[in-house]
Amino acid sequence: MKTWATTVEKKKAQAFAVKSESPQITIKDVDLSKRTVTGFYNTFWYFDSDYDVLVPGCSKKSINERGPDTNVAGKIKHALFHDLTKLPGKITVLKEDEQDIQGQKVKGIYFETKMLNTPDGNDTLIKYQEGVYDNHSIGFRYLDVRMIEADSEQWKVNIEKLINPEDAENAGIMFMVREIELY
């Protein structure tokens, strides 16, 4: 028990973490003529390999403070391989949303990016179009994460919301990620 409790503190102490996308379809559209890509950086209610579950609302504050509609320096970026020196495009829309992608409802961190007319932008746009890029990961910092054990009341409330509840059941524990700072 103590090991899991210290895991929460270790997660919060990380300056930078990476979260991979769920196996859901996450690229909504690639428009070569407009040079745009739309989709989801990450989905909610997916139990991942870190035993984490991102919940709706976890990125709202970060998006409101540093999203594309703000007037601040250091906005959230669309980076290649989490390298902030490789920026293929500019995020034009970033929000928590639910969209239909090929008949599948996806809820999570939705983006629209206008790709630049640069080597990185052109290469990235083609890789999206050809299906080379078919999922995403996010760079972030944990701000509010809570441990939930099987057989607790919180477990019963949340297990039914998961995309993959069987994985959480096998683990017997999950970390509800209630707030993150997106990079």
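Donor-acceptor pairing under 3.5 Å is lacking for the side chains of Tyr128 and Asp134. For Asp167 and Asn164, the side-chain atoms include at least one donor-acceptor pair closer than 3.5 Å. Side chains of His82 and Tyr183: no donor on one and acceptor on the other come within 3.5 Å. Checked by atom type, the side-chain pair Thr118/Asp120 shows no donor-acceptor distance below 3.5 Å. A donor-acceptor pair shorter than 3.5 Å cannot be found between the side chains of Thr36 and Glu112.
With Glu179 contributing its side chain and Tyr142 its backbone, the two residues share no donor-acceptor pair below 3.5 Å. Under a 3.5 Å cut-off, the side chain of Glu96 and the backbone N or O of Gly57 do form a donor-acceptor pair. Asp48 places a side-chain N or O within donor-acceptor distance of the main-chain N or O of Tyr51, the cut-off being under 3.5 Å.
No continuous path of hydrophobic side-chain contacts links Val157 to Val55 [ILVMFWY only; heavy atoms under 4.5 Å].
Counting heavy atoms from C-beta outward, Val53 and Phe44 have side chains that stay 4.5 Å or more apart.
A ring-centre distance under 6.0 Å is not found for His136 and Phe40.
Atom CG of Asp52 sits about 7.0 Å away from atom CG of Leu54, to the nearest 0.5 Å.
Of the candidates Ile63, Leu182, Thr70, Thr70 is the only one forming a side-chain contact (heavy atoms from CB on, under 4.5 Å) with Lys75.
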